[in-house]
Participant: 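Structure below; questions to follow.
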Amino acid sequence: MADTAAQQWDSSIGHLSDTHMQVLYEDNHIIIVNKAPGEIVQGDKTGDTPLSETVKAYLKEKYNKPGNVFLGVAHRLDRPVSGVVVFAKTSKALSRLCDMFRNGKVKKTYHALLPTADLKRPITEQPLELEHHLLKNDKQNKSYVRPAGTPGAKQARLDVRRIAQSDRYTLVEVHLHTGRHHQIRCQLSAALAPIKGDLKYGDRRSNPDASICLHAREITFTHPVSQTPIHVIAPYPSLPLWQVFE
């Protein structure tokens, strides 16, 4: 198992610090970080600084690299989602990681907080398989559950189980069997309850930081170069709702 000791990087002042970007694992070929809610993984039309650029700045200073730093994006998380993101530091690692993600050779575990009072059905510690057909609306950047056979709708499957409960929220663990647009957000809303803070999929109130309570908690895979097993766990965000369960 990989060493997952974390260190922090403060991109606003440009040196290692006890705040901001959290590095969960790093070696010569890959770097794994804990994305904060609200960060974008890659640059987009907003012009906001993406996590990829923050990681490049970290690598440039740590290793005193001249010129441009190579960093490959192997996968992404939605902006309001937090948790594990894997980047490649070499082109060899990037091509292999992309193949692994595409072929389902990376095991990802997500945690989500659901308002207990909104649950449409009981959920236990036994895994519950959810299956729907999802149709993506590009203009709205949203997916909808549609009957099987609907043109453009794709099958979506996941397992979900309860792992803890507080006075108001149920903490669930999710494993994906397919990789559809907004799959966890859409399927949980349709079958159980909207994720806390997820206004797009039916929750009534946003979180103070505009996040949703969906966290990429763990990732497990075989290292693309060394072939050693990698298993990394990302601490929850600092939002008090999460800290109850940490």
Participant: Does any donor atom in the side chain of Asn207 or Lys196 lie under 3.5 Å from an acceptor atom in the other side chain?
Facilitator: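 Yes, side-chain donor-acceptor contact under 3.5 Å.
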Participant: Indicate the atoms forming the closest heavy-atom contact of Val23 with Met21, along with that distance.
Facilitator: CG2-CE, 3.6 Å
Participant: Evaluate the criterion side chain to side chain contact (heavy atoms under 4.5 Å, CB included) for residue pair Leu134 and Arg146; output intermediate values, then yes/no.
Facilitator: CA-CA 6 Å; Leu134 305 185; Arg146 292 291 183 258; over 6 Å; no
Participant: Between Val55 and Val69, is there shared hydrophobic-cluster membership here, with clusters defined by ILVMFWY side-chain heavy atoms closer than 4.5 Å?
Facilitator: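 Yes.
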Participant: Is there side-chain contact between Leu239 and Pro208, with at least one heavy-atom pair below 4.5 Å?
Facilitator: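 Result yes, sub-4.5 Å side-chain heavy-atom pair found.
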Participant: Between Thr178 and Gln183, do the side chains contain an N or O donor and an N or O acceptor separated by less than 3.5 Å?
Facilitator: yes
Participant: Taking the side chain as every heavy atom from C-beta outward, state whether Asp78 and Arg185 have any pair of such atoms under 4.5 Å apart.
Facilitator: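 SC-SC contact between Asp78 and Arg185 confirmed.
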Participant: Just jot down the side chain to side chain donor-acceptor pair (under 3.5 Å) partners of Lys35, sequence neighbours excluded, or say none.
Facilitator: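 Counting only residues at least two positions away or on another chain, Lys35 forms no side chain to side chain donor-acceptor pair (under 3.5 Å).
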Participant: Using modelled atom types only, decide if a donor and an acceptor are shared between the side chain of Lys105 and the backbone of Leu97 within a distance under 3.5 Å.
Facilitator: no
Participant: Taking Asp198 for its side chain and Pro194 for its backbone only, find out whether a donor-acceptor pair lies under 3.5 Å.
Facilitator: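 No; judged by distance alone, with no hydrogens or angles, the pair does not exist.
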Participant: Is the shortest heavy-atom distance from the side chain of Lys108 to the side chain of Val106 under 4.5 Å?
Facilitator: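 Counting from C-beta outward, Lys108 and Val106 do come under 4.5 Å.
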Participant: Are any non-hydrogen side-chain atoms of Tyr110 and Val172 less than 4.5 angstrom apart?
Facilitator: no
Participant: Only counting residues at least two apart or in another chain, list the ones meeting ring pair (Phe, Tyr, Trp, His ring centres under 6.0 Å) with His29.
Facilitator: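 With sequence neighbours excluded, His29 shows a ring pair (Phe, Tyr, Trp, His ring centres under 6.0 Å) to no residue whatsoever.
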Participant: Check whether NZ of the Lys or CZ of the Arg Lys89 lies under 6.0 Å from the centre of the six-membered ring of Phe70 and within 45 degrees of that ring's axis.
Facilitator: no
Participant: What distance separates His175 NE2 from Asp159 CG, expressed to the nearest 0.5 Å?
Facilitator: 8.0 Å
Participant: Once ring pair (Phe, Tyr, Trp, His ring centres under 6.0 Å) is applied, do any residues pair with His215, and if so which ones, sequence neighbours excluded?
Facilitator: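 Partners of His215 under the ring pair (Phe, Tyr, Trp, His ring centres under 6.0 Å) test: Tyr236, Trp242.
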Participant: I'd like a table of donor-acceptor pairs (distance under 3.5 Å, sequence neighbours excluded) in which one partner is a side-chain atom from residues 113-120, with atom names and distances.
Facilitator:
from: Thr116; atom 1: OG1; to: Arg168; atom 2: O; distance (Å): 3.3
from: Thr116; atom 1: OG1; to: Thr170; atom 2: N; distance (Å): 3.3
from: Thr116; atom 1: OG1; to: Thr170; atom 2: OG1; distance (Å): 2.8
from: Asp118; atom 1: OD1; to: Arg204; atom 2: NH2; distance (Å): 3.2
from: Asp118; atom 1: OD2; to: Arg204; atom 2: NH2; distance (Å): 3.3
from: Lys120; atom 1: NZ; to: Ser189; atom 2: O; distance (Å): 2.7
from: Lys120; atom 1: NZ; to: Ala190; atom 2: O; distance (Å): 3.2

Participant: Just wondering, do Ile184 and Leu214 contact through their side chains at under 4.5 Å, heavy atoms?
Facilitator: yes
Participant: Which heavy-atom pair separates Ile212 from Gly197 by the least distance, and what is that distance?
Facilitator: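 For Ile212 and Gly197, the tightest heavy-atom pair comes out as CG2-O, 3.6 Å.
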Participant: Between His132 and Gln187, do the side chains contain an N or O donor and an N or O acceptor separated by less than 3.5 Å?
Facilitator: yes
Participant: Rounded to the nearest 0.5 Å, what separation is found between the CD atom of Glu39 and the CG atom of Asn34?
Facilitator: 9.0 Å
Participant: Return yes if some donor-acceptor pair links the side-chain N/O of Asp209 with the main-chain N/O of Ser211 below 3.5 Å, else return no.
Facilitator: yes
Participant: Checking salt bridge (charged side-chain N to carboxylate O under 4.0 Å, His left out) for the pair Arg79/Asp48: CA distance, chi angles, key distance, verdict?
Facilitator: CA-CA 11 Å; Arg79 184 164 193 161; Asp48 295 339; 2.6 Å; yes
Participant: Can you confirm whether Asn28 is buried at CG, in the sense that more than 12 heavy atoms of other residues, nucleotides or ligands lie under 6.0 Å from that atom?
Facilitator: no
Participant: Is there a continuous path of hydrophobic side-chain contacts, each under 4.5 Å between heavy atoms, that joins Tyr63 to Val33?
Facilitator: yes
Participant: Considering non-hydrogen atoms only, spot the tightest contact between Leu241 and Phe245 and give its length.
Facilitator: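 Shortest heavy-atom separation between Leu241 and Phe245 comes out as O-CD1, 3.5 Å.
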Participant: Give a yes or no on whether Val86 and Val225 share a hydrophobic cluster (residues Ile, Leu, Val, Met, Phe, Trp, Tyr; joining criterion: side-chain heavy atoms under 4.5 Å apart).
Facilitator: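 They do not share one cluster, since no chain of ILVMFWY contacts under 4.5 Å joins Val86 to Val225.
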Participant: Where the side chain of Glu61 meets the backbone of Tyr58, is there a donor-acceptor pair that is under 3.5 Å apart?
Facilitator: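 No.
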Participant: Looking at every heavy atom in both Ala153 and Leu135, which two are closest together, and how far apart are they?
Facilitator: N-CD1, 3.7 Å
Participant: I need the minimum non-hydrogen distance between Pro224 and Met100, along with the two atoms involved.
Facilitator: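 Nearest heavy atoms, Pro224 then Met100: CB-SD, 4.1 Å.
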Participant: Quick check against the 3.5 Å criterion: does Arg161 have a side-chain atom that pairs as donor or acceptor with the backbone of Val174?
Facilitator: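 Not a single qualifying donor-acceptor pair exists.
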Participant: Step by step, work out the side chain to side chain contact (heavy atoms under 4.5 Å, CB included) result for Lys92 and Arg96.
Facilitator: CA-CA 6 Å; Lys92 178 192 291 187; Arg96 294 179 182 180; 3.8 Å; yes
Participant: Out of curiosity, His181 NE2 to Cys186 SG, how far, rounded to the nearest 0.5 Å?
Facilitator: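 If we round to the nearest 0.5 Å, His181:NE2 and Cys186:SG are 9.5 Å apart.
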Participant: With the threshold set at 4.0 Å, does a side-chain nitrogen-carboxylate oxygen contact exist between Lys62 and Glu26?
Facilitator: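 A salt bridge is present here (some side-chain N lies under 4.0 Å from a carboxylate O).
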Participant: Under a 3.5 Å cutoff, is there a donor and acceptor pairing between the side chains of Ser143 and His182?
Facilitator: no
Participant: Is a salt bridge present between Glu131 and Arg157, judged by a nitrogen-to-oxygen distance below 4.0 Å?
Facilitator: no
Participant: Output all residues satisfying side chain to side chain donor-acceptor pair (under 3.5 Å) with Glu246, sequence neighbours left out; order by chain, then residue number.
Facilitator: Arg217
Participant: Taking Leu171 as the starting point, is it possible to reach Ile233 by hopping between hydrophobic residues whose side chains are less than 4.5 Å apart?
Facilitator: no
Participant: Check whether any side-chain heavy atom of Ile123 sits under 4.5 Å from a side-chain heavy atom of Val160, and report yes or no.
Facilitator: yes
Participant: Suppose we screen for side chain to side chain donor-acceptor pair (under 3.5 Å). Which residues come up paired with Asp27, at least two apart in sequence or across chains?
Facilitator: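 Per chain and number, Asp27 pairs via side chain to side chain donor-acceptor pair (under 3.5 Å) with Tyr25, His223.
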Participant: Do Gln243 side-chain atoms and Pro237 backbone N/O form a donor-acceptor pair below 3.5 Å?
Facilitator: yes
Participant: I'd like to know if Asp99 and Arg102 make a salt bridge, using a cut-off of under 4.0 Å between side-chain N and carboxylate O.
Facilitator: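 A salt bridge is present here (some side-chain N lies under 4.0 Å from a carboxylate O).
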Participant: Any side-chain heavy atom of Leu188 sitting closer than 4.5 Å to one from Leu130?
Facilitator: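 Counting from C-beta outward, Leu188 and Leu130 do come under 4.5 Å.
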Participant: Under the side chain to side chain contact (heavy atoms under 4.5 Å, CB included) criterion, do His231 and Lys107 qualify, and how do the steps go?
Facilitator: CA-CA 9 Å; His231 176 219; Lys107 181 182 179 183; over 6 Å; no
Participant: Looking at every non-hydrogen atom in both residues, tell me the closest pair between Val73 and Ser52 and how far apart they are.
Facilitator: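 Reported closest heavy-atom pair: CG2-CB, 4.3 Å.
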Participant: If we count only N and O atoms by modelled type, under 3.5 Å, do the side chains of Arg76 and Gln42 hold a donor and an acceptor together?
Facilitator: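 Result is yes, a qualifying pair exists.
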Participant: Just checking, any donor-acceptor pair under 3.5 angstrom between side chains of Thr150 and His133?
Facilitator: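 No, because no side-chain N or O of Thr150 sits under 3.5 Å from a partner of the opposite role on His133.
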Participant: Looking at Asp138 and Lys136, is any side-chain nitrogen of the basic one under 4.0 Å from a carboxylate oxygen of the acidic one?
Facilitator: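 Yes.
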Participant: Do Leu94 and Leu51 share a hydrophobic cluster, counting only Ile, Leu, Val, Met, Phe, Trp and Tyr and linking them when any side-chain heavy atoms are less than 4.5 Å apart?
Facilitator: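 Result: no, two separate clusters.
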Participant: Please say whether more than 12 non-hydrogen atoms of neighbouring residues, nucleotides or ligands are located less than 6.0 Å from NZ in Lys142.
Facilitator: yes
Participant: For residues Leu192 and Arg121, determine if any side-chain heavy atom of one lies less than 4.5 Å from a side-chain heavy atom of the other.
Facilitator: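 When only atoms from C-beta onward are counted, Arg121 and Leu192 do touch, with a gap below 4.5 Å.
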